[in-house]
Amino acid sequence: MINLFLQLWGALFYLLNKIFFSMAERTSNTQDKRKWLILAWTVYLIALPAWVIVFIVKDNWIAAAVEAGAAPSMLIGLCIALRGRGKEPFWLNWLSNLAVVAGLGLSLYNFGGITSISQILELGIAAGFLIGTYQLAKQNPQGYLWFILGNVSCAMLMGLEGYNLLMIQQLISLIFVVDAYLANKRLLAT
């Protein structure tokens with residue numbers, strides 16, 4: 001029962017995050033975009049604990065550390081949405097990088113090196129999620145391309161580990177990530 005609750009919690013709020021990013025990219029009104037981004041970063045943070053727990057339960061230490069380590073990038077995104085660019089705390093970047101190194105170290109220690117497909121997928125999640133979150137926090141639309149890598153890797157990992165609801169959520173999220181990227185490109189072209 002707790003497993004289903006965690007999947008629903010994580011899936012719902014991460015999906016809302018991608019929907020809100022997509023809505024932000026579809027508007028040219030600065031105030032509306034700001035509101036959508038505040039909502040996107042807020043629901044992202046709300047979903048975070050559920051995902052960290054799901055990854056820890058399955059000994060996916062890289063993914064768990066990346067999820068936890070992305071909190072500073074999420075906070076950077078929220079700070080920028082609330083206050084404006086250049087007003088985010090500088091120490092959050094350092095904290096985020098530390099969490100990734102710790103997660104990789106824990107995984108290598110726990111499994112004696114990279115020995116499984118799940119660890120390779122975790123590295124895809126790590127690169128896509130952390131770099132994508134950081135780039136989007138800094139308002140760089142290339143972050144969506146990294147999210148594609150993270151979503152595909154995470155969907156595969158969740159499918160392999162029997163978290164079908166989270167796998168489906170990642171695939172649906174992928175649609176909104178691609179939409180947000182394309183909407184951003186169309187908006188910049190006009």
Is there side-chain contact between [X] and [Y], with at least one heavy-atom pair below 4.5 Å?
X      : Y      : result
Thr133 : Trp41  : yes
Leu160 : Leu121 : yes
Leu145 : Leu149 : no
Met158 : Gln169 : no

#### Entry: Residue of the set Phe176, Tyr14, Trp36 for which ring-ring contact (aromatic ring centres under 6.0 Å, His included) holds with Phe20
Trp36

Between [X] (side chain) and [Y] (backbone), is there a donor-acceptor pair under 3.5 Å?
X     : Y     : answer
Arg34 : Leu82 : yes
Asn29 : Asp32 : yes
Asn17 : Ala40 : yes
Ser22 : Lys18 : no

Which heavy-atom pair separates [X] from [Y] by the least distance, and what is that distance?
X      : Y      : value
Trp9   : Ala47  : NE1-CA, 4.0 Å
Ser173 : Asn151 : CB-ND2, 3.8 Å
Tyr181 : Pro141 : CD1-O, 3.6 Å
Ala11  : Trp51  : N-NE1, 4.2 Å
Trp146 : Ala127 : CE3-O, 3.7 Å
Ala71  : Leu45  : O-CD2, 4.2 Å

Single-linkage hydrophobic cluster, 4.5 Å side-chain cutoff, [X] and [Y] together:
X      : Y      : answer
Leu4   : Val54  : no
Ile175 : Leu165 : no
Met167 : Leu8   : no
Ile131 : Leu123 : no

Rounded to the nearest 0.5 Å, what separates atom [atom1] in [X] from atom [atom2] in [Y]?
X      : Y      : atom1 : atom2 : answer
Gln7   : Asn3   : CD    : CG    : 4.5 Å
Gln119 : Ile125 : CD    : CD1   : 11.5 Å
Lys138 : Ile80  : NZ    : CD1   : 5.0 Å
Asn184 : Gln139 : CG    : CD    : 10.5 Å
Gln170 : Leu157 : CD    : CG    : 9.5 Å
Ser73  : Leu136 : OG    : CG    : 10.0 Å

### Task
Give a yes or no on whether a salt bridge exists between Glu25 and Lys33, defined as a side-chain N under 4.0 angstrom from a carboxylate O.
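A salt bridge links Glu25 with Lys33.
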
### Message
For the CE atom on Met156, are there more than 12 heavy atoms of other groups (residues, nucleotides or ligands in this structure) within a distance under 6.0 Å?
### Response
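No, the 6.0 Å shell around CE holds no more than 12 heavy atoms from other groups.
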
### Task
In sequence, state the C-alpha distance, the side-chain angles, and the governing distance for Tyr163 and Lys58, and then conclude on side chain to side chain contact (heavy atoms under 4.5 Å, CB included).
CA-CA 10 Å; Tyr163 289 113; Lys58 290 291 189 171; 3.6 Å; yes

### Message
In this structure, is the centre-to-centre distance between the rings of Tyr134 and Phe147 below 6.0 Å?
### Response
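For Phe147 and Tyr134, the ring centres are not under 6.0 Å apart.
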
